[in-house]
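These notes concern the structure reproduced below.
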2 protein chains.
Amino acid sequence: MTDNSANNRNHANRQRVTSYDVARHAGVSQSAVSRCFKPGASVSKKMRARVMKAAEELGYQPNAIARSLISGRSNMAAVVISQKTTLYYPEILVELSQRMSEQGVRVLLFTLEHESDIDDLLDQVLQYQVDGMIVAARLSAQQIDAIERRGLPFVFYNRSFRDRQINAVCCDQTEGERWLVNRLVNAGHRRFGIISGPEDSAVSMERTQGALERLRELGVKQVAVAEGDYSYESGAAGLLTLRAEMGRIPDAVICANDVMAIGCIDAARHQLGISVPAELSVVGFDGVGPARWSSYDLTTVRQPVGRMTEAAVSMILERVENPDLQPEKRIFSGLMVEGGSARLD
Amino acid sequence: MTDNSANNRNHANRQRVTSYDVARHAGVSQSAVSRCFKPGASVSKKMRARVMKAAEELGYQPNAIARSLISGRSNMAAVVISQKTTLYYPEILVELSQRMSEQGVRVLLFTLEHESDIDDLLDQVLQYQVDGMIVAARLSAQQIDAIERRGLPFVFYNRSFRDRQINAVCCDQTEGERWLVNRLVNAGHRRFGIISGPEDSAVSMERTQGALERLRELGVKQVAVAEGDYSYESGAAGLLTLRAEMGRIPDAVICANDVMAIGCIDAARHQLGISVPAELSVVGFDGVGPARWSSYDLTTVRQPVGRMTEAAVSMILERVENPDLQPEKRIFSGLMVEGGSARLD
DNA sequence: CGTTAATTTGACTTCGAATGCGAGAAAGGG
DNA sequence: CCCTTTCTCGCATTCGAAGTCAAATTAACG
């Protein structure tokens with residue numbers, strides 16, 4: 001008896017209505033129920049009406065897990081993204097999620113604390129049988145090999161590999177940095193500081209290298225680099241490091257992202273009492289929300305997040321449909337935003 | 001027959017490696033393979049070694065979908081959150097994701113553009129057979145009924161219903177607002193402006209009402225309210241609206257979130273040339289990252305996101321294990337942050 | 001060494017929906 | 001009115017792992 005009540009309780013908790021229940025209630029077969037929920041299946045109106053009524057009455061929802069198992073499609077895509085990116089650039093995740101769900105695909109979220117603990121994560125991704133994966137993190141060549149071997153379609157977001165045929169959506173970091181450098185040098189800045197992102201960030205490397213290269217090309221000799229970690233605090237700290245290293249405040253500071261640029265501006269203004277842009281120019285990268293706030297009005301390169309996420313989502317979905325499509329890289333130019341945080345003439 | 005293995009590998013590109021493949025390759029039964037991947041199962045070390053070797057060689061990963069089907073556990077939890085929340089307060093999602101994955105549960109993300117399109121979304125959530133759901137959005141009584149009827153454990157994040165027994169984790173919005181009002185009134189402020197959030201936001205309503213109530217209690221008569229939408233721009237616009245409505249700048253502005261408070265400060269300083277806090281005090285709510293930036297140094301109530309997400313996750317997981325637990329509400333006090341954006345004495 | 005107890009193992013069934021195939025029903029043609 | 005064609009529908013099987021239970025193996029002990 002106690003068994004019975006326990007059973008009942010269990011049953012009440014797991015009150016899952018299956019297609020068999022609906023079938024019984026409607027007096028038809030399970031197959032019929034299944035067909036009624038499949039668009040474009042061969043079902044008479046009478047049948048459909050009956051089944052739908054029964055489904056309604058029982059509160060039936062098809063079990064996506066069971067469907068996935070037999071159909072081989074989970075209608076889930078993994079998004080692998082670092083915590084820092086999500087914190088400092090939440091637009092990416094928001095847009096990805098929005099666009100995916102418009103296409104009937106849900107986002108299974110994988111955030112990583114450090115770009116290094118990807119290995120276990122990939123196993124997880126594969127276990128969950130996602131249809132595809134959007135990766136906004138750095139993967140090693142072996143890791144990419146492993147994914148390709150499983151035949152899981154994937155698209156990199158803002159990471160590319162020059163020497164590899166992979167799917168990627170990128171903002172042209174180098175082009176953006178070169179533009180920033182050009183404008184700053186043209187405006188007469190000569191002593192440069194650079195605040196980079198963390199060493200293990202591919203995006204930061206590209207940006208920093210892009211800026212350094214262009215500075216070299218233009219014959220700028222006085223350049224110091226401080227390493228940051230994309231945070232506001234590290235931007236502020238970076239400016240102090242640069243000052244210590246150069247023996248004075250540089251003319252301009254190029255930051256690997258907007259948040260550090262903001263930290264740098266605040267440190268200049270409120271810690272060092274230096275006027276931005278009169279005495280110091282600061283530029284960033286990304287074009288995040290706060291960059292537009294009037295306290296900063298940042299000169300930066302805005303990534304076309306809308307276009308980029310749209311591209312990433314359509315690329316991944318195309319490859320879910322047709323896994324044999326050729327790899328493709330789509331590089332978007334950033335939007336040059338001439339804000340008031342840098343003297344540009 | 002060595003060719004066979006090559007064939008298998010080729011085949012593995014499109015077809016997955018199943019426990020049967022591993023079993024065959026190791027010369028054991030499928031049950032044995034399954035047991036080897038279940039911690040604490042009765043398996044000899046010899047067997048385990050053999051199976052693991054075979055699994056390794058074939059690159060086998062257990063299929064979480066199939067496992068879910070039989071075990072009734074998907075190890076996924078839905079997080080339902082509005083786009084605005086994600087954009088302006090990304091910490092919540094980051095922390096939730098982190099804590100869940102530490103517990104071996106993945107986040108299936110459901111972002112909503114407007115709090116209104118929840119209905120289809122709930123169907124989706126149910127279809128995906130998530131084990132539980134964390135809801136940072138407003139649900140109607142009927143919607144809650146529907147979920148309860150399915151027996152899906154859920155926890156509200158920052159929404160509570162006084163007249164309903166549900167699981168919820170909240171920051172005490174009212175307490176926080178009352179503290180802010182107390183401090184401001186004590187410091188001699190008499191003319192108040194309030195910039196609320198959107199009408200359909202429960203959190204905003206609580207905050208605004210909390211502030212209004214305390215102001216009334218303290219006999220403050222001059223109070224104007226402008227409606228915002230949580231955005232920076234609406235904070236800036238709100239200040240102008242308040243000025244128009246009151247015929248002058250108020251002594252203090254209470255904003256329903258930090259981002260609007262920041263917009264308000266910037267509008268005061270850069271549009272109206274008003275000094276904050278000398279001529280105008282501004283306070284917010286949330287304690288987001290930018291509130292700490294030295295340009296703003298916001299007086300605000302910081303939500304204990306770490307504690308709150310931890311509570312939400314442990315509550316949901318407890319209820320997945322034991323669905324019959326009593327509903328529970330956990331209300332956390334916010335941390336009062338006395339920043340430089342308000343004159344407090 | 002025999003007998004019992006403890007541990008391992010494999011055959012079979014289960015979860016819930018989708019689908020190929022054939023039977024039966026409706027529709028169409030002569 | 002009969003025969004063919006086209007629809008519909010149901011039966012039975014499938015997806016991949018996990019759990020049940022009984023058989024088989026091993027360990028333990030007198």
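Note on naming: letters A, B, ... go to the chains in the order of the sequence lines (proteins, then strands), and numbering restarts at 1 for each one.
Defined by atom type and a distance below 3.5 Å, a donor-acceptor pair is present between the side-chain atoms of B/Ser82 and B/Thr85. Inspection of the B/Thr86 and B/Gln83 side chains reveals no N or O donor paired with an N or O acceptor under 3.5 Å.
Between B/Phe156 and B/Phe161, the ring planes lie tilted relative to each other; the angle falls in the 30° to 60° range.
A/Ser42 comes within 4.0 angstrom of a base, heavy atoms only. At a threshold of 4.0 angstrom between heavy atoms, the contacts of A/Val43 are confined to the sugar-phosphate backbone, with no base atom among them. The residue B/Val33 sits apart from the nucleic acid: no heavy atom pair falls under 4.0 Å.
Distances shown here put every side-chain N or O of B/Lys38 at or beyond 4.0 Å from the OP1 or OP2 atom of D/dA17. In this model, the phosphate group of D/dC11 is not approached by any side-chain N or O of A/Ser29 to a distance below 4.0 Å at OP1 or OP2. Between A/Ser44 and the phosphate of D/dC9, there is a side-chain N or O to OP1/OP2 separation shorter than 4.0 Å. At least one side-chain nitrogen or oxygen of A/Tyr60 sits closer than 4.0 Å to the OP1 or OP2 atom of C/dA17. In terms of phosphate contacts, A/Ser19 brings a side-chain nitrogen or oxygen within less than 4.0 Å of OP1 or OP2 of C/dA17. Here A/Ser34 does not reach the OP1 or OP2 of C/dA17: none of its side-chain N or O atoms lies under 4.0 Å away.
The separation between A/Arg24 atom CZ and D/dG10 atom C1' is 16 Å, rounded to whole Å. Rounded to whole Å, the distance from OH on A/Tyr20 to P on C/dA18 is 11 Å. Atom P of nucleotide C/dA17 and atom CG of A/Asn63 are separated by 5 Å, given to the nearest angstrom. Between the CE atom of A/Met47 and the C1' atom of D/dC7 there is a distance of 12 Å, given to the nearest Å. If you measure from atom CD1 of B/Ile65 to atom P of C/dA17, you get 14 Å, rounded to the nearest angstrom. For the pair A/Ile70 CD1 and C/dG20 P, the computed distance is 10 Å after rounding to whole Å. The nearest whole Å value for the distance from the CZ atom in A/Arg35 to the P atom in D/dG10 is 8 Å. If you measure from atom OH of B/Tyr128 to atom P of C/dG16, you get 19 Å, rounded to the nearest angstrom.
Remark: the A/Ser31 side chain and the D/dC11 base include a donor-acceptor N/O pair separated by less than 3.5 Å. No donor-acceptor contact under 3.5 Å links the side chain of B/Gln30 to the base of C/dA11.
Not a single donor-acceptor pair under 3.5 Å links the side chain of A/Ser97 to the backbone N or O of A/Leu93. Looking only at distances, a side-chain donor or acceptor of B/Asn167 sits under 3.5 Å from a matching main-chain atom of B/Glu328.
Between A/Lys46 and A/Ala66, the one whose closest nucleotide on DNA chain C sits nearer the 5' end is A/Ala66. When each of B/Ser71 and B/Lys45 is assigned the nucleotide of DNA chain C bearing its nearest heavy atom, the one mapping closer to the 5' terminus is B/Lys45.
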